[in-house]
Protein chains: 2
Amino acid sequence: MLHVAEAARVSVATVSALINGTATVSPELSQRIEQAILDIGYKRNAIARSLKMGTTRTIGLTVPHITNPFFTDVVSIIQQAFDRAGYAVMLCCTDEDLNTQDDQIRLLLDRMVDGLIVARVGDGAILKRIVDDANVPVVLLDRVCEGVDTDTVVLDNQSAVFDAITYLVDLGHRRIGYISGSFDISPMHDRVTGYREALQAAGLPVENELVRFGNFHEVDGYNATMQLLSLHDRPSAIFSANNPMVIGTMKAIRDIGLSCPEDISIACFDDFPWSDVFQPQLTTVAQPVQAIGEQAANLLLDRLAGNRDAPPRKLTLKGRLMIRNSCRPLGAPLGAIAQSISA
Amino acid sequence: MLHVAEAARVSVATVSALINGTATVSPELSQRIEQAILDIGYKRNAIARSLKMGTTRTIGLTVPHITNPFFTDVVSIIQQAFDRAGYAVMLCCTDEDLNTQDDQIRLLLDRMVDGLIVARVGDGAILKRIVDDANVPVVLLDRVCEGVDTDTVVLDNQSAVFDAITYLVDLGHRRIGYISGSFDISPMHDRVTGYREALQAAGLPVENELVRFGNFHEVDGYNATMQLLSLHDRPSAIFSANNPMVIGTMKAIRDIGLSCPEDISIACFDDFPWSDVFQPQLTTVAQPVQAIGEQAANLLLDRLAGNRDAPPRKLTLKGRLMIRNSCRPLGAPLGAIAQSISA
DNA sequence: CATCATTTTCGAAACGTTTCATCGTCCTCT
DNA sequence: AGAGGACGATGAAACGTTTCGAAAATGATG
């Protein structure tokens, strides 16, 4: 900018005024300056600007896994929203690891991001410290946490799983396996609760041996399924609490030589685009990813627009059970599957 | 830092020296400074540091689509590599749009990223300008471009598709449809070339009506498949040049009432984790995503480490044909599929 | 004890912007 | 004609670091 000012024989203040439109500059100087900018190929240095302005027009976004289609979709939508608003997005993957997440968020805050969207934080204390420490607005995604007062977008996990399990019960299933993610993360907690309540509502016993915990990865789903299928009285249906784990479940039942839905019914959380073109077409709980992403982005953009003091807003969205053909009516002949799909 | 210096009754220069270890500071002052840092909860301002140092320890990464599993995997691996090296990654999705990509890269350069990894750039001229303008190292991913001399990691797309098509020919297919992405992007160009050469090598005619172009999205695959299947002499096999498009292909053949592989054989580019648990299990060309991501990261990290003047390095990796059960031997009874899989 | 070498600390400039108070100029109004 | 306003342009300070040369303190040596 100094060079531009010299070349145009004006002061840097005038150049700045022209570029930002913060003051009127005469046509004559404008022309000289613009020419100089072109000649020199000047680009404003965003770092210096950020330092002076105290704003980076960048937000931080952390997700557990970018390979999980659910998060991929959400990230993509959030990206687009901030793109439109002229913000850049700094993405970090925490790999479901608390320390990593802590490091990442610290990194982001050090870089003076203007705001933070944090998906699926693990530990309440860490989370609380983050929200308190950061003097920037924070939006929580897919995770609610007692005592942490900030904008939040979550799914009604409990009722979503309740509906899914109830559907299985209605099909005649009595022993339903459940594969959960780590229990200390609220969505996982709520999903298990939905499972238990559905069984209780149907007057069925809740048996601990039917509930397994994993760490969200495919291999966890695989191992958990193997355990469930080696029970002496094995379940006739399995519900898996996330997408990567259900892949593990499918691999396990394939390796054990069973087939779905003939031998075992499968349902899971999180829909994916190809779920109705391959067999079995999985019955899933679809999250409204578009809405989740947009709402989270809107909440943060609203804060960034200056609405700092409004009380924390907590949004809860509803999931939707997508019934396909991976669950069969128990005791009914196989031919009945087709009918059940139209249910 | 000023506050810390005051609280510890030292100069800011000394605080800086201690924090960065750029000079020895006496145990006594060190102790006072560290205490002050703790008391105040001081965090170094990375923006001011970047301004002074001329380096942000941030790299930019652009990909066409984050929802394409291939790019998701690559992004994830690149992320991890730079994470380990203490760099942050700024991710941008270009949505296959040239203007968007241009804007994104400009945005990244304005923010003084230390380096750039650009996946799948569309236009040669734009690309050349980017590489020339940016006074930071640039690594090209999944795209090679005449006249642009910079580090590059690409797949040997041509031979990968050649192998896949040859496999289909060996199964007895004579009319093989091909669904390509935009022709002006080198991988797409090379893939089509592989297709043509495989047919020619087998002495088969290359018919234009069998080659369709789309813009990488599911809907493009759907439309292209519909067109291919409405030909009066329709193909017995279809190869789709990327992952989202093959989903469209599968939906089209489902909607038309055909089934795979009985009525039509399907193969595609890009493997995905669930491809061998659902039916049909797609025969795919798997890219070595791990290697691609790591190599790209290594090339850039090497430049960032100071190796600026080495001549551009061009890495070409090999794809691998993953034969599953979505292609059937033509003319043979259906039972023969199982045998062909072991081929 | 004076001198010199070495270690430790510091003041001040610089990075590239934005912003604010100030200063000319020129116009308008009494 | 002189005063007052409006407008355009500018100099300089500030943002929070790093760094360099210089100053101060310490230790060693003759």
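Bear in mind the structure is a predicted one, so any value in this text is a computation, not a measurement. Per chain, numbering begins at 1; letters A, B, ... match sequence-line order.
Side-chain contact between B:Leu2 and B:Glu6 is present, with at least one heavy-atom pair separated by less than 4.5 Å.
Side-chain atoms of A:Leu51 lie closest to C:dG16 of the nucleotides D:dT17, D:dT10, C:dG16. Comparing C:dT17, C:dT19, D:dT17 by their nearest atom to the side chain of A:Ala13 picks out C:dT19. Across D:dT10, C:dA14, C:dT17, the shortest atom-to-atom separation from the side chain of A:Thr14 is found for D:dT10.
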Exercise for the section: Would you please test B:Asp114 and B:Arg57 for salt bridge (Lys or Arg N to Asp or Glu O under 4.0 Å) and show each step? Expected result: CA-CA 6 Å; B:Asp114 291 345; B:Arg57 287 197 85 75; 6.0 Å; no
Problem - B:Phe183 vs B:His189, ring pair (Phe, Tyr, Trp, His ring centres under 6.0 Å): CA-CA, chis, key distance, verdict - result: CA-CA 5 Å; B:Phe183 193 71; B:His189 183 271; 4.8 Å; yes
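If you check the side chains of B:Asn68 and B:Thr72, you find no donor sitting under 3.5 Å from an acceptor.
Shown for residues 15-37 of chain B: residues whose heavy atoms fall under 4.0 angstrom of DNA chain D, namely B:Ser16, B:Asn20.
The distance from atom CZ of B:Arg111 to atom C1' of C:dT17 is 15 Å, rounded to the nearest whole Å. Note: CE (B:Met1) to C1' (D:dC15) measures 14 Å, nearest angstrom. Note: CE (B:Met112) to C1' (C:dG16) measures 10 Å, nearest angstrom. Here C:dT17 presents its C1' atom at 12 Å from CD1 of A:Ile47, a figure rounded to the nearest Å. Here D:dG16 presents its P atom at 15 Å from CG of A:Asp110, a figure rounded to the nearest Å. Counting to the nearest Å, the P atom of D:dC15 and the NZ atom of B:Lys43 are 20 Å from each other. B:Leu2 has its CG atom 12 Å from the P atom of C:dG11, to the nearest Å.
What you find for B:Pro137 and B:Arg308 is that their closest heavy atoms are CD-NH2, 3.1 Å.
The backbone N or O of B:Thr56 sits less than 3.5 Å from a side-chain atom of A:Arg111, completing a donor-acceptor pair. Using a distance-only test at 3.5 Å, with no hydrogens or angles considered, no donor-acceptor pair links the side chain of A:Asp73 to the main chain of A:Val289.
The 5' end of DNA chain C is approached more closely, in terms of each residue's nearest nucleotide, by B:Lys52 than by the other of A:Asn45 and B:Lys52.
Note on A:Arg49: every side-chain N or O is 4.0 Å or more away from OP1 and OP2 of D:dC15.
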